[in-house]
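To start, I am sharing the structure in question, which I have written as C-alpha coordinates.
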Amino acid sequence: MKDLKVIELFAGVGGFRIGLDRVNDEIGKEFFKTIWSNQFEPATKIQHASRTYVARFGAEGHVNKDIALVPASEIPEHDMLVGGFPCQDYSVARTLSQAAGIEGKKGVLWWEIYRILHDKEKKSAKYLFLENVDRLVQSPAKQRGRDFALMLQSLSDLGYYVEWRIVNAAEYGMPQRRRRTYILAYRKDTKIAKSIKDPTEWLFTQGVFANAFPIKDYTLEYPLHPNSLKSSPESDLADLSNEFNKSNKIKPFENAGVMIDGEYWTFKTEPNYHGDYTTLGDIIVKGNDRKYITEDFYVSDKDLPQWQYLKGAKHEERKGKDGFTFFYNEGGMAFPDSLDKPSRTIITSEGGKTPSRFKHVILDPVTKRYRRLVPIELERLDMFPDNHTIGENDTKRAFFMGNALVCGIITKVGEELYNRIK
(Lines give C-alpha, C1' and ligand atoms only; values in the text may rest on other atoms or scores of the structure.)
Protein backbone atom coordinates (compact mmCIF):
# COMPACT_ATOMS: atom_id res chain seq x y z
CA MET A 1 0.00 0.00 0.00
CA LYS A 2 1.62 3.24 -1.20
CA ASP A 3 -0.70 5.49 0.73
CA LEU A 4 -3.75 5.44 2.96
CA LYS A 5 -6.59 7.56 1.60
CA VAL A 6 -8.15 9.50 4.49
CA ILE A 7 -11.39 11.46 4.86
CA GLU A 8 -11.83 13.87 7.77
CA LEU A 9 -15.33 14.49 9.14
CA PHE A 10 -16.27 17.28 11.59
CA ALA A 11 -12.85 18.58 10.63
CA GLY A 12 -12.81 21.83 12.61
CA VAL A 13 -9.54 23.51 11.70
CA GLY A 14 -7.81 20.24 10.85
CA GLY A 15 -6.34 18.70 14.00
CA PHE A 16 -6.46 15.13 12.71
CA ARG A 17 -4.88 16.18 9.42
CA ILE A 18 -2.06 18.03 11.15
CA GLY A 19 -1.31 15.05 13.38
CA LEU A 20 -1.22 12.59 10.47
CA ASP A 21 0.74 14.96 8.22
CA ARG A 22 3.46 15.03 10.89
CA VAL A 23 3.78 11.26 10.56
CA ASN A 24 4.24 11.78 6.83
CA ASP A 25 7.01 14.29 7.58
CA GLU A 26 8.73 11.81 9.90
CA ILE A 27 8.73 8.93 7.42
CA GLY A 28 9.52 11.14 4.43
CA LYS A 29 6.49 10.25 2.31
CA GLU A 30 2.76 10.90 2.10
CA PHE A 31 1.39 7.72 3.63
CA PHE A 32 -1.70 9.36 5.20
CA LYS A 33 -3.26 11.23 2.27
CA THR A 34 -6.32 13.31 3.17
CA ILE A 35 -8.45 13.34 0.01
CA TRP A 36 -11.76 14.71 1.33
CA SER A 37 -12.97 16.69 4.33
CA ASN A 38 -16.20 18.06 5.73
CA GLN A 39 -16.74 20.93 8.15
CA PHE A 40 -20.08 22.61 8.76
CA GLU A 41 -21.30 24.65 11.71
CA PRO A 42 -25.11 24.86 11.71
CA ALA A 43 -25.32 27.60 14.33
CA THR A 44 -23.48 30.30 12.39
CA LYS A 45 -23.88 32.01 9.02
CA ILE A 46 -20.15 32.60 8.54
CA GLN A 47 -18.31 29.27 8.41
CA HIS A 48 -15.19 30.38 10.29
CA ALA A 49 -13.64 26.93 10.89
CA SER A 50 -14.22 25.82 7.30
CA ARG A 51 -12.70 29.07 6.07
CA THR A 52 -9.60 28.47 8.19
CA TYR A 53 -9.34 24.85 7.03
CA VAL A 54 -9.39 25.94 3.37
CA ALA A 55 -6.85 28.70 4.06
CA ARG A 56 -4.41 26.15 5.46
CA PHE A 57 -5.02 23.09 3.27
CA GLY A 58 -6.73 24.38 0.13
CA ALA A 59 -10.26 23.98 -1.20
CA GLU A 60 -9.72 20.76 -3.15
CA GLY A 61 -11.80 17.94 -1.65
CA HIS A 62 -13.27 20.16 1.07
CA VAL A 63 -17.06 20.29 1.52
CA ASN A 64 -18.73 22.96 3.65
CA LYS A 65 -22.17 21.39 3.86
CA ASP A 66 -24.31 19.65 6.49
CA ILE A 67 -22.98 16.07 6.45
CA ALA A 68 -26.55 14.76 6.77
CA LEU A 69 -27.22 16.18 3.30
CA VAL A 70 -24.16 14.55 1.70
CA PRO A 71 -24.98 11.14 0.16
CA ALA A 72 -22.38 8.45 0.78
CA SER A 73 -22.08 8.11 -3.00
CA GLU A 74 -20.62 11.64 -3.14
CA ILE A 75 -17.85 10.77 -0.70
CA PRO A 76 -14.82 9.31 -2.50
CA GLU A 77 -13.63 5.79 -1.70
CA HIS A 78 -11.21 5.87 1.20
CA ASP A 79 -9.22 3.62 3.50
CA MET A 80 -9.55 5.56 6.75
CA LEU A 81 -12.23 7.77 8.29
CA VAL A 82 -11.24 10.18 11.06
CA GLY A 83 -13.16 12.78 13.02
CA GLY A 84 -14.03 14.32 16.35
CA PHE A 85 -17.81 14.06 16.51
CA PRO A 86 -19.97 15.88 19.09
CA CYS A 87 -21.17 14.16 22.26
CA GLN A 88 -24.95 13.82 22.07
CA ASP A 89 -27.80 11.47 23.02
CA TYR A 90 -27.33 8.43 20.79
CA SER A 91 -30.57 6.62 21.69
CA VAL A 92 -32.37 4.64 18.99
CA ALA A 93 -35.89 3.40 18.35
CA ARG A 94 -37.72 1.21 15.89
CA THR A 95 -39.39 2.86 12.91
CA LEU A 96 -43.15 2.57 12.59
CA SER A 97 -42.97 0.65 9.34
CA GLN A 98 -39.86 -1.35 10.29
CA ALA A 99 -38.78 -0.82 6.69
CA ALA A 100 -35.59 0.94 7.73
CA GLY A 101 -34.95 -1.27 10.74
CA ILE A 102 -33.42 0.81 13.52
CA GLU A 103 -33.21 4.58 13.39
CA GLY A 104 -30.84 6.78 15.31
CA LYS A 105 -32.02 9.98 16.91
CA LYS A 106 -32.31 12.71 14.27
CA GLY A 107 -29.53 15.25 14.16
CA VAL A 108 -27.06 13.05 16.00
CA LEU A 109 -23.81 13.03 14.09
CA TRP A 110 -22.67 9.59 15.20
CA TRP A 111 -25.44 8.12 13.06
CA GLU A 112 -24.06 10.01 10.05
CA ILE A 113 -20.78 8.11 10.49
CA TYR A 114 -22.81 4.93 10.77
CA ARG A 115 -24.78 5.83 7.62
CA ILE A 116 -21.63 6.40 5.58
CA LEU A 117 -20.11 3.10 6.70
CA HIS A 118 -23.37 1.24 6.09
CA ASP A 119 -23.99 2.74 2.65
CA LYS A 120 -20.43 2.16 1.48
CA GLU A 121 -20.91 -1.55 2.31
CA LYS A 122 -17.85 -3.55 1.21
CA LYS A 123 -16.09 -0.33 0.24
CA SER A 124 -16.41 1.18 3.72
CA ALA A 125 -13.35 2.46 5.54
CA LYS A 126 -10.85 -0.18 6.64
CA TYR A 127 -9.92 1.92 9.65
CA LEU A 128 -11.71 4.45 11.87
CA PHE A 129 -9.98 6.88 14.20
CA LEU A 130 -12.44 8.94 16.25
CA GLU A 131 -12.31 11.37 19.17
CA ASN A 132 -14.87 12.48 21.73
CA VAL A 133 -15.12 13.84 25.27
CA ASP A 134 -14.02 11.61 28.13
CA ARG A 135 -17.54 11.30 29.56
CA LEU A 136 -18.74 9.53 26.40
CA VAL A 137 -18.13 6.07 27.89
CA GLN A 138 -20.43 6.85 30.85
CA SER A 139 -23.26 8.77 29.17
CA PRO A 140 -26.12 9.31 29.72
CA ALA A 141 -26.11 9.81 33.48
CA LYS A 142 -29.39 7.92 34.00
CA GLN A 143 -28.25 4.85 32.03
CA ARG A 144 -24.46 4.90 32.19
CA GLY A 145 -22.66 3.44 29.21
CA ARG A 146 -25.70 3.10 26.98
CA ASP A 147 -24.49 5.52 24.31
CA PHE A 148 -21.07 3.91 24.06
CA ALA A 149 -22.62 0.43 24.02
CA LEU A 150 -24.75 1.50 21.04
CA MET A 151 -21.68 2.75 19.22
CA LEU A 152 -19.76 -0.45 19.88
CA GLN A 153 -22.62 -2.72 18.87
CA SER A 154 -23.40 -0.75 15.70
CA LEU A 155 -19.73 -0.99 14.69
CA SER A 156 -19.79 -4.70 15.46
CA ASP A 157 -22.87 -5.09 13.24
CA LEU A 158 -20.94 -3.37 10.44
CA GLY A 159 -18.03 -5.79 10.78
CA TYR A 160 -15.50 -3.89 12.91
CA TYR A 161 -13.36 -4.70 15.92
CA VAL A 162 -12.82 -1.74 18.27
CA GLU A 163 -10.35 -0.56 20.89
CA TRP A 164 -10.65 2.61 22.95
CA ARG A 165 -8.60 4.60 25.41
CA ILE A 166 -9.24 7.75 27.41
CA VAL A 167 -5.97 9.69 27.23
CA ASN A 168 -4.91 12.71 29.26
CA ALA A 169 -2.36 14.32 26.95
CA ALA A 170 -0.34 15.78 29.84
CA GLU A 171 0.28 12.30 31.27
CA TYR A 172 2.29 11.52 28.15
CA GLY A 173 4.44 14.64 28.16
CA MET A 174 2.19 17.01 26.21
CA PRO A 175 1.54 20.60 27.35
CA GLN A 176 -2.19 20.42 28.24
CA ARG A 177 -4.23 18.43 30.76
CA ARG A 178 -6.88 17.41 28.23
CA ARG A 179 -8.73 14.10 28.68
CA ARG A 180 -10.48 12.71 25.62
CA THR A 181 -11.85 9.38 24.46
CA TYR A 182 -10.07 7.99 21.40
CA ILE A 183 -11.58 5.15 19.39
CA LEU A 184 -9.91 2.91 16.80
CA ALA A 185 -11.95 0.49 14.72
CA TYR A 186 -10.59 -2.10 12.29
CA ARG A 187 -12.62 -3.84 9.63
CA LYS A 188 -12.44 -7.59 10.20
CA ASP A 189 -10.65 -8.29 6.93
CA THR A 190 -7.70 -5.98 7.76
CA LYS A 191 -4.26 -7.10 8.84
CA ILE A 192 -4.63 -5.35 12.21
CA ALA A 193 -7.97 -7.00 13.02
CA LYS A 194 -6.63 -10.43 12.10
CA SER A 195 -3.66 -9.90 14.43
CA ILE A 196 -5.90 -9.60 17.52
CA LYS A 197 -5.61 -13.06 19.10
CA ASP A 198 -6.00 -12.38 22.82
CA PRO A 199 -8.10 -9.32 23.81
CA THR A 200 -6.35 -9.01 27.18
CA GLU A 201 -2.89 -9.01 25.63
CA TRP A 202 -4.07 -6.58 22.97
CA LEU A 203 -5.41 -4.15 25.55
CA PHE A 204 -2.26 -4.19 27.69
CA THR A 205 0.74 -4.86 25.44
CA GLN A 206 -0.03 -5.65 21.80
CA GLY A 207 -2.62 -3.09 20.74
CA VAL A 208 -2.11 0.20 18.96
CA PHE A 209 -3.03 2.25 22.04
CA ALA A 210 -0.92 0.00 24.30
CA ASN A 211 2.16 0.79 22.23
CA ALA A 212 1.40 4.45 21.56
CA PHE A 213 0.52 5.12 25.22
CA PRO A 214 2.09 2.48 27.50
CA ILE A 215 0.34 1.55 30.75
CA LYS A 216 1.47 0.06 34.06
CA ASP A 217 1.84 -3.68 34.67
CA TYR A 218 -1.38 -5.66 34.79
CA THR A 219 -0.15 -9.10 35.93
CA LEU A 220 -2.56 -9.47 38.85
CA GLU A 221 -5.57 -8.76 36.61
CA TYR A 222 -4.84 -11.35 33.90
CA PRO A 223 -6.92 -12.55 32.13
CA LEU A 224 -9.79 -10.10 31.76
CA HIS A 225 -13.29 -11.52 31.49
CA PRO A 226 -15.53 -10.69 28.52
CA ASN A 227 -18.81 -8.82 28.87
CA SER A 228 -21.71 -8.95 26.43
CA LEU A 229 -23.19 -5.79 24.96
CA LYS A 230 -26.56 -7.44 24.22
CA SER A 231 -28.71 -9.34 26.69
CA SER A 232 -29.42 -12.05 24.12
CA PRO A 233 -28.35 -12.92 20.55
CA GLU A 234 -31.81 -11.90 19.32
CA SER A 235 -31.56 -8.36 20.72
CA ASP A 236 -31.23 -5.49 18.27
CA LEU A 237 -30.04 -1.91 18.73
CA ALA A 238 -33.45 -0.76 19.95
CA ASP A 239 -33.44 -3.46 22.63
CA LEU A 240 -29.88 -2.49 23.57
CA SER A 241 -30.92 1.15 23.85
CA ASN A 242 -33.69 0.22 26.27
CA GLU A 243 -31.97 -2.52 28.26
CA PHE A 244 -28.25 -1.77 28.60
CA ASN A 245 -27.47 -1.01 32.27
CA LYS A 246 -31.13 -0.13 32.77
CA SER A 247 -30.76 -0.31 36.55
CA ASN A 248 -27.79 2.07 36.30
CA LYS A 249 -26.05 0.13 39.09
CA ILE A 250 -22.77 -0.60 37.32
CA LYS A 251 -19.97 1.29 35.59
CA PRO A 252 -19.77 -0.82 32.43
CA PHE A 253 -16.81 0.80 30.67
CA GLU A 254 -13.43 1.76 32.06
CA ASN A 255 -10.90 4.08 30.42
CA ALA A 256 -9.54 1.34 28.13
CA GLY A 257 -11.06 -1.60 26.35
CA VAL A 258 -11.45 -3.88 23.34
CA MET A 259 -14.65 -5.03 21.58
CA ILE A 260 -14.82 -8.11 19.36
CA ASP A 261 -18.04 -9.56 17.94
CA GLY A 262 -20.31 -7.89 20.50
CA GLU A 263 -18.18 -8.82 23.53
CA TYR A 264 -15.92 -6.37 25.31
CA TRP A 265 -13.01 -6.43 27.73
CA THR A 266 -12.34 -3.32 29.79
CA PHE A 267 -9.89 -2.19 32.46
CA LYS A 268 -8.97 0.95 34.39
CA THR A 269 -5.42 1.60 33.25
CA GLU A 270 -2.69 3.90 34.55
CA PRO A 271 -0.08 5.59 32.35
CA ASN A 272 3.49 4.31 32.31
CA TYR A 273 5.38 7.22 30.79
CA HIS A 274 9.03 8.04 31.46
CA GLY A 275 9.80 10.71 28.87
CA ASP A 276 10.06 14.47 28.99
CA TYR A 277 7.17 16.71 30.06
CA THR A 278 6.15 20.04 28.57
CA THR A 279 4.81 22.78 30.83
CA LEU A 280 2.80 25.92 30.24
CA GLY A 281 5.98 27.89 30.83
CA ASP A 282 7.71 26.03 28.01
CA ILE A 283 5.22 27.22 25.38
CA ILE A 284 4.60 30.86 26.31
CA VAL A 285 5.87 33.38 23.77
CA LYS A 286 9.44 34.57 24.12
CA GLY A 287 11.75 36.89 22.25
CA ASN A 288 10.33 38.28 19.03
CA ASP A 289 7.08 36.35 19.53
CA ARG A 290 6.21 38.66 22.41
CA LYS A 291 4.98 41.08 19.74
CA TYR A 292 1.69 39.15 19.89
CA ILE A 293 1.05 40.36 23.45
CA THR A 294 -0.96 43.54 23.02
CA GLU A 295 -2.32 45.59 25.90
CA ASP A 296 -5.74 43.91 25.49
CA PHE A 297 -4.32 40.68 26.92
CA TYR A 298 -3.23 42.23 30.22
CA VAL A 299 -5.63 42.19 33.16
CA SER A 300 -6.50 45.76 34.12
CA ASP A 301 -6.29 46.98 37.72
CA LYS A 302 -10.04 47.61 37.49
CA ASP A 303 -10.85 43.99 36.53
CA LEU A 304 -8.32 42.25 38.79
CA PRO A 305 -10.62 41.99 41.86
CA GLN A 306 -13.30 40.30 39.75
CA TRP A 307 -10.77 37.80 38.37
CA GLN A 308 -9.59 37.05 41.92
CA TYR A 309 -13.16 36.60 43.15
CA LEU A 310 -14.14 34.24 40.32
CA LYS A 311 -10.99 32.14 40.76
CA GLY A 312 -11.28 32.05 44.54
CA ALA A 313 -13.05 29.66 46.93
CA LYS A 314 -16.63 30.55 47.86
CA HIS A 315 -18.97 29.83 50.73
CA GLU A 316 -21.73 32.37 50.46
CA GLU A 317 -25.43 32.72 51.01
CA ARG A 318 -27.50 33.09 47.85
CA LYS A 319 -31.18 33.36 47.06
CA GLY A 320 -32.92 31.40 44.28
CA LYS A 321 -35.63 32.71 41.95
CA ASP A 322 -38.28 31.22 44.24
CA GLY A 323 -36.89 33.15 47.21
CA PHE A 324 -35.30 30.08 48.79
CA THR A 325 -31.99 30.83 50.51
CA PHE A 326 -29.09 28.43 50.17
CA PHE A 327 -25.31 28.34 50.64
CA TYR A 328 -23.17 28.15 47.51
CA ASN A 329 -19.81 26.39 47.85
CA GLU A 330 -17.01 26.34 45.29
CA GLY A 331 -13.36 25.43 45.59
CA GLY A 332 -10.59 27.80 44.64
CA MET A 333 -8.48 27.63 41.49
CA ALA A 334 -4.84 28.49 40.99
CA PHE A 335 -4.41 32.17 40.28
CA PRO A 336 -2.31 32.78 38.35
CA ASP A 337 -1.96 29.51 36.44
CA SER A 338 1.29 27.71 37.22
CA LEU A 339 4.01 27.92 34.58
CA ASP A 340 5.68 24.81 36.02
CA LYS A 341 2.91 22.39 35.08
CA PRO A 342 0.96 21.47 31.93
CA SER A 343 -1.95 23.84 31.41
CA ARG A 344 -5.54 23.26 32.38
CA THR A 345 -7.94 22.27 29.60
CA ILE A 346 -8.70 25.00 27.09
CA ILE A 347 -12.44 25.61 26.75
CA THR A 348 -14.35 27.32 23.94
CA SER A 349 -14.98 30.49 25.99
CA GLU A 350 -11.25 31.06 26.52
CA GLY A 351 -11.19 34.22 24.42
CA GLY A 352 -12.20 37.78 25.30
CA LYS A 353 -11.34 40.23 28.09
CA THR A 354 -14.33 39.49 30.34
CA PRO A 355 -13.21 38.02 33.71
CA SER A 356 -13.89 34.29 33.99
CA ARG A 357 -13.20 31.44 36.39
CA PHE A 358 -12.09 29.15 33.58
CA LYS A 359 -9.89 31.29 31.35
CA HIS A 360 -6.14 31.02 31.79
CA VAL A 361 -4.28 33.89 33.43
CA ILE A 362 -0.52 33.84 33.95
CA LEU A 363 1.93 36.18 35.64
CA ASP A 364 4.03 37.32 32.71
CA PRO A 365 7.68 36.56 33.60
CA VAL A 366 8.93 39.67 31.78
CA THR A 367 6.43 42.41 32.71
CA LYS A 368 5.33 40.84 36.04
CA ARG A 369 1.74 41.65 35.09
CA TYR A 370 -1.23 39.31 34.92
CA ARG A 371 -2.33 38.46 31.39
CA ARG A 372 -4.43 36.06 29.35
CA LEU A 373 -2.90 33.67 26.83
CA VAL A 374 -2.49 34.90 23.27
CA PRO A 375 -3.79 32.77 20.35
CA ILE A 376 -0.35 31.44 19.41
CA GLU A 377 0.05 30.07 22.96
CA LEU A 378 -3.35 28.37 22.82
CA GLU A 379 -2.33 26.81 19.49
CA ARG A 380 0.84 25.49 21.08
CA LEU A 381 -1.13 23.93 23.95
CA ASP A 382 -3.08 21.92 21.34
CA MET A 383 0.21 21.32 19.46
CA PHE A 384 -0.95 23.16 16.33
CA PRO A 385 1.53 25.09 14.16
CA ASP A 386 2.05 28.69 15.21
CA ASN A 387 -0.57 31.00 13.70
CA HIS A 388 -2.52 28.12 12.19
CA THR A 389 -5.74 30.05 12.87
CA ILE A 390 -4.49 33.50 11.87
CA GLY A 391 -7.03 35.43 9.83
CA GLU A 392 -9.86 35.19 12.36
CA ASN A 393 -10.31 37.42 15.41
CA ASP A 394 -8.68 36.47 18.72
CA THR A 395 -11.93 35.30 20.33
CA LYS A 396 -12.72 32.98 17.43
CA ARG A 397 -9.17 31.64 17.41
CA ALA A 398 -9.52 30.79 21.10
CA PHE A 399 -12.86 29.10 20.37
CA PHE A 400 -11.20 26.92 17.73
CA MET A 401 -8.60 25.70 20.21
CA GLY A 402 -11.26 25.01 22.85
CA ASN A 403 -12.97 22.79 20.29
CA ALA A 404 -9.80 21.13 19.02
CA LEU A 405 -7.81 18.09 20.08
CA VAL A 406 -4.15 17.74 21.00
CA CYS A 407 -2.44 16.98 17.69
CA GLY A 408 0.36 15.07 19.40
CA ILE A 409 -2.11 12.31 20.33
CA ILE A 410 -2.98 11.85 16.66
CA THR A 411 0.68 11.71 15.66
CA LYS A 412 1.53 9.04 18.26
CA VAL A 413 -1.37 6.83 17.13
CA GLY A 414 -0.60 7.55 13.47
CA GLU A 415 3.00 6.38 13.92
CA GLU A 416 1.78 3.10 15.39
CA LEU A 417 -0.84 2.61 12.66
CA TYR A 418 1.83 3.18 10.00
CA ASN A 419 4.05 0.52 11.56
CA ARG A 420 1.16 -1.98 11.49
CA ILE A 421 -0.21 -1.16 8.02
CA LYS A 422 2.86 -0.35 5.92
Side-chain angles (χ1 to χ4, degrees), residues 1-86 109 112-113 116 120 123 125-131 375-376 378-380 382-411 413-415 417-418 421:
M1 183 178 288
K2 293 182 179 180
D3 58 38
L4 203 71
K5 293 180 175 61
V6 180
I7 68 166
E8 186 176 15
L9 304 183
F10 324 114
V13 293
F16 269 97
R17 187 165 185 167
I18 289 169
L20 295 176
D21 281 351
R22 284 179 178 152
V23 181
N24 294 336
D25 293 340
E26 290 172 5
I27 63 179
K29 61 180 179 180
E30 191 178 31
F31 180 74
F32 294 104
K33 185 175 183 179
T34 303
I35 61 169
W36 191 87
S37 57
N38 178 268
Q39 167 58 31
F40 179 76
E41 176 54 61
T44 180
K45 183 177 181 180
I46 301 175
Q47 297 291 310
H48 299 276
S50 179
R51 185 164 67 184
T52 299
Y53 192 99
V54 169
R56 299 289 87 81
F57 304 111
E60 184 178 355
H62 183 73
V63 176
N64 176 220
K65 181 179 179 181
D66 185 348
I67 191 64
L69 303 178
V70 181
S73 59
E74 293 183 7
I75 300 174
E77 290 184 22
H78 53 277
D79 304 298
M80 185 172 174
L81 183 156
V82 304
F85 59 103
L109 296 174
E112 297 306 324
I113 297 175
I116 293 168
K120 287 289 186 184
K123 295 182 179 180
K126 297 180 178 71
Y127 310 99
L128 309 179
F129 186 10
L130 307 172
E131 178 259 1
I376 195 174
L378 297 175
E379 290 168 339
R380 290 174 180 178
D382 276 335
M383 301 178 73
F384 275 70
D386 285 359
N387 282 323
H388 180 80
T389 60
I390 197 167
E392 302 292 343
N393 64 51
D394 292 343
T395 300
K396 185 59 67 174
R397 294 178 69 183
F399 178 86
F400 290 156
M401 291 301 100
N403 253 350
L405 45 72
V406 178
C407 298
I409 300 287
I410 308 306
T411 300
V413 173
E415 291 168 345
L417 286 173
Y418 169 71
I421 297 169

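The figures here come from the full heavy-atom set of this structure, side chains too, leaving out hydrogens, waters and symmetry mates. Note that the numbering runs from 1 along the sequence shown for the chain.
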Which pair of non-hydrogen atoms, one from Ala11 and one from Gln39, has the smallest distance, and what is that distance? N-OE1, 3.3 Å

Go through the steps to decide whether Glu26 and Thr411 satisfy the test side-chain contact (heavy atoms from CB on, under 4.5 Å), and finish with yes or no. CA-CA 10 Å; Glu26 290 172 5; Thr411 300; 3.7 Å; yes

Tyr127 and Ile421, any side-chain heavy atoms less than 4.5 Å apart: yes

For Leu81 and Leu130, run side-chain contact (heavy atoms from CB on, under 4.5 Å): C-alpha distance rounded to whole Å, both residues' side-chain angles, the deciding distance at 0.1 Å, then the answer. CA-CA 8 Å; Leu81 183 156; Leu130 307 172; 3.9 Å; yes

Check: Phe57 and Asp21 side chains under 4.5 Å, non-hydrogen atoms: yes

If you measure from CD1 on Ile67 to CZ on Phe10, what distance do you get to the nearest 0.5 Å? 6.5 Å

Report yes or no: does His388 contribute a side-chain atom to a donor-acceptor pair with the main-chain N or O of Val13 at less than 3.5 Å? yes

Side-chain (Asp66) to main-chain (Pro42) donor-acceptor, under 3.5 angstrom: no

Pair Glu379 + Arg397, salt bridge at N-O below 4.0 Å: yes

Should Ile75 and Val70 count as side-chain neighbours, where that means a heavy-atom distance under 4.5 Å? yes

Pairing donors with acceptors under 3.5 angstrom, does anything connect the side chains of Ser50 and Glu41? no

Are Lys396 and Phe399 in a cation-pi contact, defined as NZ or CZ under 6.0 Å from the six-membered ring centre and within 45° of the axis? yes

Heavy-atom side-chain proximity of Val6 to Ile35 below 4.5 angstrom: no

Heavy-atom pair with the smallest gap, counting every atom of Asp394 and Pro375: OD1-CG, 3.6 Å

Atom CD of residue position Glu74 - does it have more than 12 heavy atoms of other residues, nucleotides or ligands inside 6.0 Å? yes

Considering only heavy atoms from C-beta outward, does the side chain of Ile18 approach that of Pro385 to under 4.5 Å? yes

Between Asn64 and Gln47, is there a side-chain donor-acceptor contact under 3.5 Å, judged purely by atom types and distance? yes

Candidate pair Lys120 and Glu77, rule salt bridge (charged side-chain N to carboxylate O under 4.0 Å, His left out), full reasoning: CA-CA 8 Å; Lys120 287 289 186 184; Glu77 290 184 22; over 6 Å; no

I need the Glu415 CD to Ile27 CD1 distance, nearest 0.5 Å. 9.5 Å

Salt bridge or not between Lys5 and Asp79? Use side-chain N to carboxylate O under 4.0 Å. no

Under a 3.5 Å threshold, yes or no: a donor from one side chain and an acceptor from the other, between Tyr53 and Glu8? yes

Please report the shortest heavy-atom distance between Gly15 and Cys407, naming the atom on each side. O-SG, 3.7 Å

Atom CD1 of Ile409 and atom CD of Glu131: how far apart are they, to the nearest 0.5 Å? 9.5 Å

Arg380/Asp382 salt bridge by N-O under 4.0 Å criterion: no

Looking only at side chains, do Glu392 and His48 share a donor and an acceptor under 3.5 Å apart? yes

Hey, could you give me the OG1/CZ distance between Thr389 and Arg51, rounded to the nearest 0.5 Å? 12.0 Å

Starting from the C-alpha separation in whole Å, work towards a yes-or-no answer on side-chain contact (heavy atoms from CB on, under 4.5 Å) for Phe16 and Thr34. CA-CA 10 Å; Phe16 269 97; Thr34 303; over 6 Å; no

So, taking the atom named CZ in Phe384 and the one named CG in Leu378, what distance separates them when rounded to the nearest 0.5 Å? 11.5 Å

Met383 and Arg22: side-chain contact (heavy atoms from CB on, under 4.5 Å), yes or no, with the steps? CA-CA 11 Å; Met383 301 178 73; Arg22 284 179 178 152; 4.2 Å; yes

CG of Leu9 to CH2 of Trp36, rounded to nearest 0.5 Å, is 6.0 Å

Is the shortest side-chain heavy-atom distance between Met80 and Leu128 below 4.5 Å? no

On a heavy-atom basis, the closest approach of His62 and Ser37 is ND1-OG, 2.7 Å

Just wondering, do Phe32 and Asp3 contact through their side chains at under 4.5 Å, heavy atoms? no

